[in-house]
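Notes follow once the structure below has been shown.
Heavy atoms only: backbone and side chains are in, while hydrogens, waters and symmetry mates are out. By convention in this document, chain letters (A, B, ...) are assigned in the order of the sequence lines, proteins followed by strands, and residues within each chain are numbered from 1.
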Amino acid sequence: MSAAIQLEGVTVLRGGRTVLADVSLRVPAGETLSVLGSSGSGKTTLLRVVAGLVTPQLGAVRIGEALASESGRIVLAPEEREIAMVFQDLALWPHLTVRGNLAFGLDARKVPRAERDARVAAMLSRVGLTGQERRHPGELSGGERQRVAIARALVLEPRAVLLDEPLSNLDVGLKQELLELFRELLRERGTTALYVTHDPREAQALAGRAAVLDGGRIVHVGPLEGLRGRPDLPFARSVVESLGS
Amino acid sequence: MAPGMGRTVALRRREEPLLLFAAGVVLAALALLPLVFLGGELAKGDALRHAARALSAPRTWGLFLSSLGVASTVTILSLAIGLPLGALLGRSDVPLRRVALWLHAFPLFVPPFLLALGWFHLLGRGGLAASGIGARILFSTPGAVLVLALALTPIVTSLVAVGLQAVDPSLEEAALLVARPRRTVARILLPLIRPAIALAALVVFSLAFSELGVPMFLRVAVYPEMVFSRLGGVDYAPGEAFALALPLFAVAVGMLAFERRAAGRRSLAVLGLRSREVPDLRLGRWRPTAIVLAAAAALLPLAPIAALAIGAARGRGFAELPRWIGSSAWNSLFDALVTGTLVLALAIVIGHAAARRRRGAAGLDALAVLAFVTPASVLGVGLIATWNRPSFQAVYGTSAIVVLALAARYGAVGIRTAAVSFSQGSEHDEEAAAIAGARFLRRLGLILVPIHARGLAAAWLLAVVFCLRDLETAVLLYPAGQEPLTVRIFTLEANGPEAVVAALSCIQVAMTAVVLALGSALLFRRKR
């Protein structure tokens with residue numbers, strides 16, 4: 001299967017510290033891959049490299065067939081990569097309504113008005129937010145804001161969606177409900193996704209494979225069960241403990 | 001527990017509200033009392049008859065409307081130039097944009113009439129680029145508007161640039177993933193900093209409306225000059241001055257209402273806690289044009305200052321300085337440093353209370369803003385009404401009156417800067433100290449002030465620099481023989497030697513530059 005996202009020997013240095021070290025990763029089209037790791041392991045930087053928000057000092061990033069970043073330079077600007085992202089703090093624009101948040105990217109891509117309105121309405125209906133179009137993010141509950149964030153990402157029909165711990169700080173019930181919604185939405189659209197989390201159960205619920213980062217290096221790619229054979233990794237031990245026997 | 005001890009504990013528990021009350025009393029004495037006494041003057045004797053006569057003259061309202069027109073045009077021009085420039089110098093990939101922003105912003109800290117003087121040395125008769133049309137335009141209403149717009153645009157540019165740098169990076173990145181930088185700036189970033197833009201517009205309007213030096217130098221009649229002339233010289237009529245101040249005060253109240261509605265507390269809001277650096281916005285093929293614009297923005301405002309220096313050097317003005325400068329530079333510095341320190345004390349207490357939304361703080365913040373937007377001539381007239389009494393000569397006859405006036409006028413600058421700093425810090429810092437048993441004064445001294453030392457130093461520095469550049473407030477109140485340098489230059493400008501006036505102006509600029517450089521070195525010192 002062709003790769004939707006490919007990283008080849010990506011290294012990111014910041015202030016003399018190596019944030020990502022020689023990371024290579026291939027995410028086939030349509031797959032959801034979890035990215036697991038402890039705090040400071042480089043998970044968010046990995047997503048930002050893919051999005052084009054961080055330039056790797058070494059290595060290359062390919063989106064589909066196209067070279068997107070290469071050793072110290074951005075070849076494809078973020079807006080040219082057709083990638084969407086759900087941020088950890090959601091980053092909903094507070095001055096725009098729910099509808100405005102969804103329509104912004106479509107307007108930027110010059111989608112005709114009728115099509116834009118239809119896509120926004122369909123997406124809001126799909127995430128259960130019909131009737132909330134005119135409300136501002138500040139007027140929504142936590143769960144509703146999460147739905148707007150995923151709807152804003154998917155309404156663009158992106159080549160891939162990057163999710164940066166979007167469910168942290170939610171209660172267990174809501175987390176389960178939204179995890180189910182994410183899974184359905186990604187599956188029905190066949191969207192490639194990179195899902196960053198530090199919760200192994202979340203990772204297992206959403207994706208068949210996981211990439212585990214430790215100190216900026218990928219130490220494992222594959223089913224999480226495979227970590228049972230890596231007692232040498234401190235993070236792996238906590239993952240195995242979380243997954244139970 | 002002994003009764004006395006109980007009282008002490010109760011007092012300690014109320015340290016914060018008591019301190020806020022004390023700061024409120026000082027601020028009210030500085031800013032509210034003069035306005036109350038101004039009203040009182042109108043109730044005396046035949047003051048109402050004077051008021052009716054002054055306010056019924058057609059020239060009064062013609063001048064009033066024309067002044068409103070000048071201030072509005074200056075504001076619109078400043079916004080038109082400052083908004084795109086702020087985005088360019090605040091967030092784009094123009095090389096050396098921070099240096100360009102500093103150079104562009106510097107004239108903001110110079111009295112605008114000095115810049116008018118500089119433009120005269122450049123374009124006026126005998127100027128470096130003298131031409132008939134240049135001089136005609138300069139000495140006209142459009143000329144005054146242009147000089148003021150160039151002098152005040154850095155307020156918009158700086159507030160927009162700082163505002164853009166404070167926007168939560170993820171809000172910007174979310175837009176950059178789907179839209180080009182230009183659309184991101186126009187549709188996401190600028191709307192997000194609307195309160196900062198509104199605040200910039202208000203500050204520009206109030207300073208332009210209050211401005212006395214530029215219109216008087218360029219022979220353009222404005223309303224505040226009417227009030228000024230009634231307080232000295234051949235038109236001396238203090239009763240009329242009190243009456244003429246009323247429409248200016250009405251405008252100030254209108255500006256306060258606008259500020260409460262459009263900016264208010266939101267101008268303190270932390271638009272986002274910047275947790276990481278965002279790459280500069282790419283300008284693509286517009287970059288060469290943007291570089292030219294940024295260079296022009298950096299160098300154009302410096303042109304009049306350079307012209308002053310050349311004018312002073314050519315006419316041997318610097319050699320004559322010792323004969324003319326007297327103690328005016330020291331007076332300026334003394335007044336500014338004392339006022340800055342007084343403002344800082346008020347700013348720590350009121351700024352903290354405003355940031356934490358303590359009861360009464362919003363009212364005190366509004367009072368400080370009202371004093372700032374109130375034209376200096378109104379505040380000055382009120383201060384004269386309050387303090388010009390035989391029993392208060394220890395205040396009115398000394399530099400103390402200038403310090404009080406400057407603290408009233410520029411208190412808001414310090415209070416707002418401190419409030420922004422406190423807003424950006426986590427409330428948990430002080431909550432943790434309170435849980436650990438620290439009372440308010442202890443929390444203030446050992447936790448809040450050290451954590452916010454830079455923000456508070458910035459509040460002090462801004463207050464000092466605003467006082468240094470002041471002419472309008474000091475010119476009404478300075479005691480004999482203790483005039484600050486701005487007043488010295490302003491009074492000599494009419495009939496003193498041109499080269500000496502230019503040299504004195506250079507000293508004013510150099511003094512401000514040194515204070516700013518020392519303050520900035522302190523502010524941007526690397527944290528250990």
Worksheet entry | Distance (rounded to the nearest 0.5 Å) between B:H352 NE2 and B:I415 CD1 | 14.0 Å
Worksheet entry | Under 4.5 Å from a heavy atom of chain B, the part of A:L96 involved | side chain
Discussion item. So for atom CD, which belongs to A:E65, do other residues, nucleotides or ligands contribute more than 12 heavy atoms lying within a distance under 6.0 Å?
Written reply: no
Worksheet item: So A:D199 and A:T197, side chain to side chain donor-acceptor pair (under 3.5 Å) or not? Walk me through it.
Response: CA-CA 5 Å; A:D199 182 346; A:T197 180; 5.5 Å; no
Practice prompt. Report yes or no: does A:E133 contribute a side-chain atom to a donor-acceptor pair with the main-chain N or O of A:T97 at less than 3.5 Å?
Written response: no
Response to the item:
Checking heavy-atom separations under 4.5 Å from chain B, one finds in residues 100-108 of chain A A:F104, A:G105, A:D107, A:A108
Discussion item. Keeping A:K43 on the side-chain end and A:S38 on the backbone end, is there a donor-acceptor pair under 3.5 Å?
Written reply: yes
Discussion item. Check whether A:R147 reaches the backbone of A:V127 with its side chain - one donor and one acceptor, N or O, closer than 3.5 Å.
Written reply: yes
Worksheet item: Does the A:R145 side chain pair with the main chain of A:L140, one donor and one acceptor, at a distance under 3.5 Å?
Response: yes
Worksheet item: With a 4.5 angstrom heavy-atom cut-off, which part of A:R152 approaches chain B: side chain, backbone, both or neither?
Response: side chain
Worksheet entry | Minimal non-hydrogen separation, A:A193 against A:V27, with atom names | O-CG1, 4.5 Å
Worksheet entry | Segment of A:I83 engaging chain B (4.5 angstrom heavy-atom cut-off) | backbone
Worksheet entry | Best-contacting candidate, A:H95, A:E79, A:R81, against chain B by heavy atom pairs under 4.5 angstrom | A:E79
